[in-house]
Amino acid sequence: MALIGENGYVAISNIERTLGLTPATGMVRVVEALSCALDLNKAYTPSAALSAGRGVRNSVITTTTREGSVPCESVPLSAIGTQLYAAFGEMTDIGTLSTGSVVNTTLDGAVLKGAATIKLTDDSKSANGKIYQIGTGRNAECVKQVGEAAAGVVTLEYQTRFAHADDEAVKEVEAPFTHYYYRTDEADLPSFTLDKNIGGKFGQRFKGCRVNTFSMTGNVDETINFDFALISTAFAKLIAEADKASKLVASGTATSTVAFELNDSAGGFLTQVTAPLSNYVVHNGDTGKISYISAVNSNTKLTLQNDIIKSGDNYSIYSADYMLTTTEYDALRSKLDSFTFQQGSITKDGSAFGCVPSFTFTLNNNLNAGKCLGSGDNLGRLTALRANVEFNFDLEYKDETEFEAYQDGDTAALILTFTHDSEIIPGEKYAMSLHIPKYKKTAAPAPIQEGILVSSITGQALYDSVCGYDVRMSLKDGVYTYPIE
């Protein structure tokens, strides 16, 4: 396991629109990581062929893995909003209704998932920068308007996560926002790109990171910590800012768009290209956006994974992407402290019970890392199998009557809530909660400590048909959404 050094960090991107496709905005949030065991490992198999002596004639790489856990503190406004989205697989946004001269209308026409625009029935009160909540319930999401509306059509900062029906409600909202995370039944979970710099001259980029297991733990007098065990589909190198010059392989001004044409008629850069293409990164010098190369079309044309280069843009191409500078890192890092154990409370069937000195919650997505013929070092697929949701907590009882009462009944509902000391706006504090609407004890509680009556409770979350889920987590903050990009 690699510890995070004095100058090290772990940062992640927004959710990838396509598995392994790093968003053009690059890293957007810093993980308050305690360590980072995510690493590139290669297994070598010695040749079994006959040879003249007893020695091994050669050894070949037969297995390449990119797996490991990233334990971190539960700091609001850090990367946890995106990480929880990736772990659970489904997220809805609920904003606080704005007052005054606000948008309160409906959609004029159905909206597809991944839409870059929506059309409002009434755009008279719309404006650049306003935030709207589309829909309610499990498919509610918050979107942000960019620019002015044109004949009711509003351009969005990020594409929609859900499809929406014609005439669905659109209401203007503001902070605080509550994000609800549900364990999805989809086999393809959301993914993100993670950068790991342990304080040295070089770093690592892991693309297509999906969460295999997520756990949340709490103990008396400690912070509430998360642990995300990740599997990545692809790997790329990172370099220090100071080493950019040595990794620059081409630069110039683009002469066309989409099938990006280099200002390099001799094809000097293309003579240096070696597989995999993901080792190279293209930077737009005017916007700061980045992209990897997906194909070489001709002597002077490249197709990029993200369409970030327009005709006339200045570009630079490096043989590796570079790590965050100190200024970039400071801008991305949360300035808040972690949630702590003392900020929490727990209820069973709506009522407080006992004294809980510690707890652990675990969601196991049981990812299957599929390796296909011809996929090379990268994974051909990364599929979620049957999920498992478990918890364990110690429980102190005030007397034997309370202990006996807890023995009764085989199923119950649990809600674990934490309220931060810091405010989003005056009177509204950061908060998070975990709701298990129905569970079954998998081990009968029995006293485990003399003097104080304590038992260890282990349970399995069950699907509840009334709520429509087996587990839901929520995060209340000032961020209107954690987008797919």
With [X], which of [options] fulfils side chain to side chain contact (heavy atoms under 4.5 Å, CB included)?
X: Phe226; options: Glu73, Gln83, Met216; value: Met216
X: Thr117; options: Val111, Val154, Thr155; value: Thr155
X: Ser126; options: Asp123, Asn128, Asp122; value: Asp123

Donor-acceptor side-chain pairing of [X] and [Y] below 3.5 angstrom:
X: Thr25; Y: Glu485; value: yes
X: Ser191; Y: Glu16; value: yes
X: Asn364; Y: Thr213; value: no
X: Asn368; Y: Thr383; value: no
X: Asp313; Y: Asn284; value: yes

Margin query: Working note: Asp470 + Arg183, criterion salt bridge (Lys or Arg N to Asp or Glu O under 4.0 Å); need CA distance, chi angles, decisive distance, verdict.
Written below: CA-CA 8 Å; Asp470 54 6; Arg183 186 197 56 73; 2.9 Å; yes

Margin query: I'd like to know whether Phe214 forms a ring pair (Phe, Tyr, Trp, His ring centres under 6.0 Å) with Phe228, so could you lay out the CA-CA distance, the side-chain angles of the two residues, the decisive distance to 0.1 Å, and finally the verdict.
Written below: CA-CA 5 Å; Phe214 160 67; Phe228 297 88; 5.0 Å; yes

Give the minimum heavy-atom separation between [X] and [Y], together with the two atoms involved.
X: Asn212; Y: Leu367; result: OD1-N, 2.8 Å
X: Ile424; Y: Pro176; result: CD1-CB, 3.7 Å
X: Asn139; Y: Phe162; result: O-CD1, 3.4 Å
X: Cys209; Y: Phe206; result: SG-O, 3.3 Å
X: Val70; Y: Ala33; result: CG1-CB, 4.2 Å

Margin query: Apply side chain to side chain donor-acceptor pair (under 3.5 Å) to residues Asp39 and Gln204 and explain how you reach the verdict.
Written below: CA-CA 8 Å; Asp39 212 343; Gln204 298 171 312; 3.1 Å; yes

Pairwise side-chain contact, [X] with [Y], heavy-atom cut-off 4.5 Å (strictly under):
X: Val173; Y: Leu97; value: yes
X: Val479; Y: Leu77; value: yes
X: Met432; Y: Ile224; value: yes
X: Phe361; Y: Leu434; value: yes
X: Ile12; Y: Val28; value: no
X: Ile118; Y: Leu156; value: yes
X: Ser316; Y: Leu248; value: yes
X: Phe88; Y: Val471; value: yes

Next item on the list: Apply side-chain contact (heavy atoms from CB on, under 4.5 Å) to the pair Phe339 and Thr223, showing each step before the final yes or no.
Entry: CA-CA 6 Å; Phe339 286 98; Thr223 59; over 6 Å; no

Notebook entry, point to check: Does the side-chain contact (heavy atoms from CB on, under 4.5 Å) test come out yes or no for Thr340 and His420, once each step is laid out?
Noted result: CA-CA 8 Å; Thr340 65; His420 204 274; over 6 Å; no

Note to self: My understanding is that only residues two or more places apart in sequence, or in another chain, count here; which of them pass side-chain hydrogen bond (donor to acceptor under 3.5 Å, both in side chains) with Arg210?
What the structure shows: none

Note to self: Tyr180: which residues meet the side-chain hydrogen bond (donor to acceptor under 3.5 Å, both in side chains) condition with it, sequence neighbours left out?
What the structure shows: none

Next item on the list: Mind running side-chain contact (heavy atoms from CB on, under 4.5 Å) on Val170 and Leu120 for me, showing each step along the way?
Entry: CA-CA 8 Å; Val170 179; Leu120 305 179; 3.9 Å; yes

Note to self: With salt bridge (Lys or Arg N to Asp or Glu O under 4.0 Å) as the rule and sequence neighbours excluded, what pairs involving residues 475-484 come up?
What the structure shows: Glu428-Lys476

Notebook entry, point to check: Can you list every side-chain hydrogen bond (donor to acceptor under 3.5 Å, both in side chains) pair that touches residues 86-97, not counting sequence neighbours?
Noted result: Glu90-Arg138, Asp93-Arg161, Asp93-His179, Asp93-Thr481

Checklist line | With sequence neighbours excluded, residues passing side chain to side chain contact (heavy atoms under 4.5 Å, CB included) with Val102 | finding: Ser98, Glu172

Note to self: Using 30° and 60° as the class boundaries, would you call the ring planes of Tyr318 and His283 parallel, tilted or perpendicular?
What the structure shows: perpendicular

Check: Using the ring of each side chain (for Trp, its six-membered ring), is Tyr469 parallel, tilted or perpendicular to His435, with breaks at 30° and 60°?
Finding: perpendicular

To the nearest 0.5 Å, what is the distance between [atom1] ([X]) and [atom2] ([Y])?
X: Leu475; Y: Met91; atom1: CG; atom2: CE; result: 10.0 Å
X: Arg205; Y: Thr22; atom1: CZ; atom2: OG1; result: 5.5 Å
X: Thr287; Y: Lys310; atom1: OG1; atom2: NZ; result: 10.0 Å
X: Ile134; Y: Glu168; atom1: CD1; atom2: CD; result: 7.5 Å
X: Ile15; Y: Tyr482; atom1: CD1; atom2: OH; result: 11.5 Å
X: Asp188; Y: Leu19; atom1: CG; atom2: CG; result: 7.5 Å

Next item on the list: Could you give me the CA-CA distance, side-chain angles and deciding distance for Ser433 and Ser474, then say whether side chain to side chain donor-acceptor pair (under 3.5 Å) is met?
Entry: CA-CA 5 Å; Ser433 70; Ser474 68; 2.6 Å; yes

Check: Can we say Arg333 and Glu32 salt-bridge, meaning some charged N sits less than 4.0 Å from an Asp/Glu carboxylate O?
Finding: yes

Next item on the list: Give the intermediate values and the outcome of side chain to side chain donor-acceptor pair (under 3.5 Å) for residues Tyr439 and Glu390.
Entry: CA-CA 9 Å; Tyr439 75 87; Glu390 296 180 318; over 6 Å; no

Checklist line | Aromatic ring proximity, centroids under 6.0 angstrom, Phe391 and Phe359 | finding: no

Notebook entry, point to check: What's the verdict on side-chain contact (heavy atoms from CB on, under 4.5 Å) for Gln460 and Asn388, showing C-alpha distance, side-chain angles and the deciding distance?
Noted result: CA-CA 8 Å; Gln460 168 77 50; Asn388 190 42; 2.8 Å; yes

Next item on the list: Decide if atom CD of Glu186 counts as having more than 12 heavy atoms of other residues, nucleotides or ligands within a radius under 6.0 Å.
Entry: no

Notebook entry, point to check: With sequence neighbours excluded, what pairs up with Phe341 under the ring pair (Phe, Tyr, Trp, His ring centres under 6.0 Å) test?
Noted result: none

Margin query: With side chain to side chain donor-acceptor pair (under 3.5 Å) as the criterion, how do Thr106 and Asp167 come out once you've worked through the C-alpha distance, each side chain's angles and the decisive distance to 0.1 Å?
Written below: CA-CA 5 Å; Thr106 59; Asp167 209 36; 3.2 Å; yes

